[in-house]
Amino acid sequence: MSEFASRRVMMVDTQVRPSDVTKFPIIDAMLSVPRETFVPDDKREAAYVGENLTLAPGRVVLEARTLAKLLDALDIQPTELVLDVGCGLGYSAAVIARLAETVVALEEDEGLAADAQRILSEEGVDNAVTITGRLAEGAANCAPYDVITIEGGVEQIPAPILSQLKDGGRIGAIFMENAVGTARIGYKAAGQMTWRSIFNAAAPVLPGFAKPRGFTL
């Protein structure tokens, strides 16, 4: 077993399983996808630490625990279409691609998007496609989605994103209030959203997902 493969096993055994994530497809995906391949070269040695890993200013790969618990709560099925917002270098898309039928990986940083598509192709992830565009606008051309995942913090979710979620669909996001965050799952029924808080987590707020700041003297 390679050194990085050993680190993947340790990541799952010390970060994922102890967080009550037991669904076999999620465990298998996180054991199989080489996280070190989806981070900048100078971050490879830190790929399996139990914290968010910085990709660019304000952009991270979510820590394994956070991603796994979100996916566990979303319960993605093999027939579902998933929109992965803020995919970065594609790690989350690669993991989700092992759970879903198809993943649309949205990234507005052109450099990250190009590298994500290249890495996903090199890794043989043929059921994920990378789209470049503003994160807050989603990817309407492929909508509606059964599931939407947001790979960063939010203070609010823009209307275009919610409009692209299929009725009966789910969305997972980390809602930030100052430095405190809560992961929530949203359920859409009859055009309306209901939310359930599931665990504490934190991540930088993605561009376009912050609340407008009021003017004060």
Side-chain angles (χ1 to χ4, degrees), residues 19 21 38 51-76 80-93 95-96 99-100 103-109 112-113 116 130-140 142-189 191-214:
S19 299
V21 177
F38 293 89
E51 58 188 42
N52 295 334
L53 193 64
T54 301
L55 293 174
R59 303 299 299 282
V60 299
V61 181
L62 293 178
E63 64 172 317
R65 166 191 173 273
T66 298
L67 178 61
K69 286 180 71 67
L70 274 173
L71 296 180
D72 186 71
L74 288 166
D75 196 24
I76 297 168
E80 293 187 314
L81 173 63
V82 180
L83 173 63
D84 189 37
V85 178
C87 70
L89 289 175
Y91 175 72
S92 53
V95 172
I96 295 167
L99 310 175
V103 181
V104 176
L106 177 64
E107 180 50 63
E108 69 178 44
D109 182 305
L112 290 177
T130 304
I131 293 179
T132 305
R134 289 189 60 200
L135 302 184
E137 294 179 357
C142 300
Y145 300 96
D146 298 290
V147 178
I148 297 176
T149 56
I150 300 178
E151 304 299 330
V154 308
E155 292 178 346
Q156 64 179 12
I157 298 181
I161 297 287
L162 296 176
S163 72
Q164 292 167 29
L165 184 64
K166 183 183 295 184
D167 213 49
R170 295 93 67 207
I171 182 170
I174 300 168
F175 284 78
M176 298 298 299
E177 185 172 349
N178 299 318
V180 179
T182 304
R184 298 174 184 164
I185 302 298
Y187 303 87
K188 191 172 186 179
Q192 301 298 313
M193 297 296 305
T194 58
W195 294 90
R196 177 169 64 92
S197 296
I198 51 175
F199 62 95
N200 295 330
V205 175
L206 292 173
F209 290 77
K211 290 181 179 179
R213 298 297 189 255

Peer 1: Whether the side chain of Lys69 engages the backbone of Ser19 through a donor-acceptor N/O pair (distance < 3.5 Å, no angle test) should be reported.
Peer 2: yes
Peer 1: Quick one: does Pro144's side chain get under 4.5 Å of Gln164's, heavy atoms only?
Peer 2: no
Peer 1: Check whether Arg170 reaches the backbone of Asp75 with its side chain - one donor and one acceptor, N or O, closer than 3.5 Å.
Peer 2: yes
Peer 1: Side-chain contact test, heavy atoms from C-beta onward, threshold under 4.5 Å: evaluate it for Arg59 versus Leu206 and give yes or no.
Peer 2: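 Answer yes - side chains close enough.
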Peer 1: Would you say that Val103 contacts Cys87 through its side chain, given a criterion of any heavy-atom pair below 4.5 Å between the two side chains?
Peer 2: no
Peer 1: Check the pair Ile171 / Trp195 against side-chain contact (heavy atoms from CB on, under 4.5 Å), numbers first and verdict last.
Peer 2: CA-CA 9 Å; Ile171 182 170; Trp195 294 90; 3.5 Å; yes
Peer 1: Testing Ile150, Val205, Ile157 one by one against Phe175 for a side chain to side chain contact (heavy atoms under 4.5 Å, CB included), which residue passes?
Peer 2: Ile157
Peer 1: Can you tell me how far the CZ atom of Arg184 sits from the CG atom of Leu70, to the nearest 0.5 Å?
Peer 2: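 With rounding to 0.5 Å, CZ (Arg184) is 12.5 Å from CG (Leu70).
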Peer 1: Find out whether Leu62 and Ser92 are in side-chain contact, i.e. whether some heavy atom of one side chain is under 4.5 Å from a heavy atom of the other.
Peer 2: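 They are not in side-chain contact.
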Peer 1: Asp146 and Leu81: which non-hydrogen atoms are nearest, and at how many Å?
Peer 2: OD2-N, 2.8 Å
Peer 1: Are any of the side-chain heavy atoms of Leu89 and Tyr91 separated by less than 4.5 Å?
Peer 2: no
Peer 1: Side chains of Thr182 and Asn200: closer than 4.5 Å at any heavy-atom pair?
Peer 2: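 The answer is yes; the side chains approach within 4.5 Å.
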Peer 1: Is the closest side-chain heavy-atom distance between Leu67 and Glu151 below 4.5 Å?
Peer 2: yes
Peer 1: Answer yes or no: is there a side-chain heavy-atom contact under 4.5 Å between Val104 and Tyr145?
Peer 2: yes
